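The shown structure was predicted, so the numbers you read here are calculated from the model rather than taken from an experiment. Within every chain, numbering begins at 1; the chains are lettered A, B, ... in the order of the sequence lines, protein sequences first and strands thereafter. No hydrogens, no waters, no symmetry mates; every other heavy atom, side chains included, goes into these values.
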Amino acid sequence: MSAPDNRILQQIAEGGKSLEQVMQELYTDEQCRGQALSLLLRMGGREQDFEDIFQDGIAHLIMNIRKEKFKGESSIKTYLLSICKHLWMNKSRQQANRKTLLVSQPLASETSTDSPEDILLYQERRQTLQVLLNKIGDPCRRILSLWSLSYSMDEISQLTDYKNAAVVRKKKHHCLQQLMMMVRGEDS
Amino acid sequence: MSNNHLSDKIIRYHQGEMAAAERQAFEQELSSDEQLQQLQADYEVAQSAVDVLAYDELRSKLRKMAPPLQSSTRAASSWRAALSYRLAIAATVLLLLVAGAYLWWPTTSTPASLATSFYEAPNFSLVRSEQTNDDQLTALTTAWQQADYTYITQTLGNSDSLKATETQLLAHAYYQQQEWDKAIVSFTTLVDQQDERYAPLARWHRALSYLQQGQTAKARVDLQLLRGSDNAALRAQAGDLLEEL
């Protein structure tokens with residue numbers, strides 16, 4: 001892994017403001033944007049699809065790195081391009097409303113290290129968890145999402161209406177408990 | 001013990017808020033207590049929901065970073081400028097060809113464009129085999145994931161005896177490089193081996209390669225044979241493509 005890639009991985013794992021900085025960097029990287037756009041156009045995509053696909057790609061990249069699903073067997077940019085490619089393939093399949101041909105034949109086991117097989121993960125999860133997500137109030141949504149991205153309690157209190165870090169910590173705990181109750185069907 | 005109290009313990013455990021001794025005791029309790037195990041499962045579902053929220057937060061931040069619609073990066077512009085120039089020339093040539101072709105083939109798609117739209121590049125997973133420990137195959141699949149098709153064709157292109165998986169990689173690498181003749185040769189090798197794990201899909205991709213070359217009749221033969229395949233998805237796709245043709 002190159003030094004720049006290691007730095008990016010570190011900042012993404014760190015989360016918070018550090019993560020925001022690297023997101024900006026990746027999103028505005030001209031070479032990466034150019035390659036992703038070219039790839040999309042070659043695959044029959046349109047320029048107007050690019051921003052959505054690229055943003056989804058970066059979001060997936062970040063989540064995969066934070067969940068330790070990226071094992072570093074390719075560069076981060078290559079991985080990002082691969083994710084964008086799969087996102088586009090899925091989108092174009094949905095648009096064409098074709099049946100999915102089982103093209104991928106795993107050479108051995110299903111477990112792959114840098115494979116973007118869980119590209120659809122967050123879309124699929126959203127469908128399954130939609131009822132749950134609809135019940136969570138906005139304050140809990142905000143706190144839990146920022147906490148999950150490793151913003152400090154101080155940073156979260158600055159970004160939300162809560163008084164200080166201690167209040168945020170308590171609220172986060174309460175939101176998690178509430179979420180677990182909703183999962184059990186015990187929400188009031 | 002109430003669910004709320006136990007939920008609290010589960011949350012504290014996962015947040016790293018327990019001292020070492022308490023953590024150890026909790027882990028032992030978790031291994032045998034069904035109520036705790038159910039709450040652990042609830043926590044995992046809750047965590048999945050939090051992951052979706054985090055993903056949405058990232059998308060929201062990225063949306064705010066998006067440049068205005070009219071602007072574009074210099075690199076994207078240069079790619080588009082080069083592409084536009086080539087497309088302009090190709091469009092002129094194509095216009096002349098299509099005008100002539102339309103006299104005897106009044107369809108809206110060419111065989112090659114159909115093949116392109118039906119082709120899906122395989123997602124070759126890395127081999128994890130303790131028996132073979134095949135470093136070369138690992139390097140080849142890595143090259144595939146990095147779109148380094150030249151590496152694959154140079155490594156495998158001159159070999160006489162290839163494993164089926166290697167032949168498959170080589171065939172698709174040729175396809176990606178638009179070397180249709182060579183792709184057809186490799187796909188034919190897989191078809192002739194009659195291994196049910198590879199032959200049907202190889203026949204499908206050979207059909208697409210024939211279409212890229214304009215050999216529609218040969219493609220039709222393969223597609224008709226696939227209409228009798230055991231693979232329902234292949235049957236459907238072959239049927240769809242035959243209808244388009």
Chain B contact via [X] - side chain, backbone, both or neither, heavy atoms under 4.5 Å:
{"X": "A:Leu144", "value": "both"}
{"X": "A:Gln48", "value": "neither"}
{"X": "A:Met89", "value": "side chain"}

Residues of residues 157-177 of chain A with a heavy atom under 4.5 Å from any heavy atom of chain B, in residue-number order, are A:Lys172, A:His173, A:Leu176, A:Gln177

May I ask you to name which of A:Ile62, A:Leu132, A:Asp52 has the most heavy-atom pairs under 4.5 Å with chain B?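 Most pairs with chain B among the choices: A:Asp52.
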
Counting heavy-atom pairs closer than 4.5 Å to chain B, which one of A:Thr78, A:Leu133, A:Ile136 comes out on top? A:Leu133

Tell me whether B:Asp51 is salt-bridged to A:Lys67, with the criterion being a basic N under 4.0 Å from an acidic carboxylate O.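 A salt bridge is present here (some side-chain N lies under 4.0 Å from a carboxylate O).
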
May I ask you to say whether A:Arg33 pairs ionically with A:Glu51, meaning some side-chain N is under 4.0 Å from a carboxylate O? yes

Proximal component of [X], with respect to chain A [non-hydrogen, under 4.5 Å]:
{"X": "B:Leu39", "value": "both"}
{"X": "B:Gln15", "value": "side chain"}
{"X": "B:Glu166", "value": "neither"}

A:Leu81 CG to A:Leu39 CG distance, which is reported to the nearest 0.5 Å: 6.5 Å

No-hydrogen, no-angle side-chain donor-acceptor test under 3.5 Å, B:His14 and B:Gln40: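 Yes, because at least one side-chain N or O of B:His14 sits under 3.5 Å from a partner of the opposite role on B:Gln40.
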
Using distance alone, with no hydrogens and no angle criterion, decide if A:Tyr27 and A:Gln55 have a side-chain donor and acceptor under 3.5 Å apart. yes

With respect to B:His172, which candidate in B:Tyr119, B:Tyr149, B:Trp144 satisfies the side-chain hydrogen bond (donor to acceptor under 3.5 Å, both in side chains) definition?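 The side-chain hydrogen bond (donor to acceptor under 3.5 Å, both in side chains) with B:His172 is passed solely by B:Tyr119 among B:Tyr119, B:Tyr149, B:Trp144.
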
Under the salt bridge (Lys or Arg N to Asp or Glu O under 4.0 Å) definition, can you give me all pairs with a residue in residues 138-160 of chain A, not counting sequence neighbours?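 Passing the test, one end in residues 138-160 of chain A: A:Arg142-B:Glu57.
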
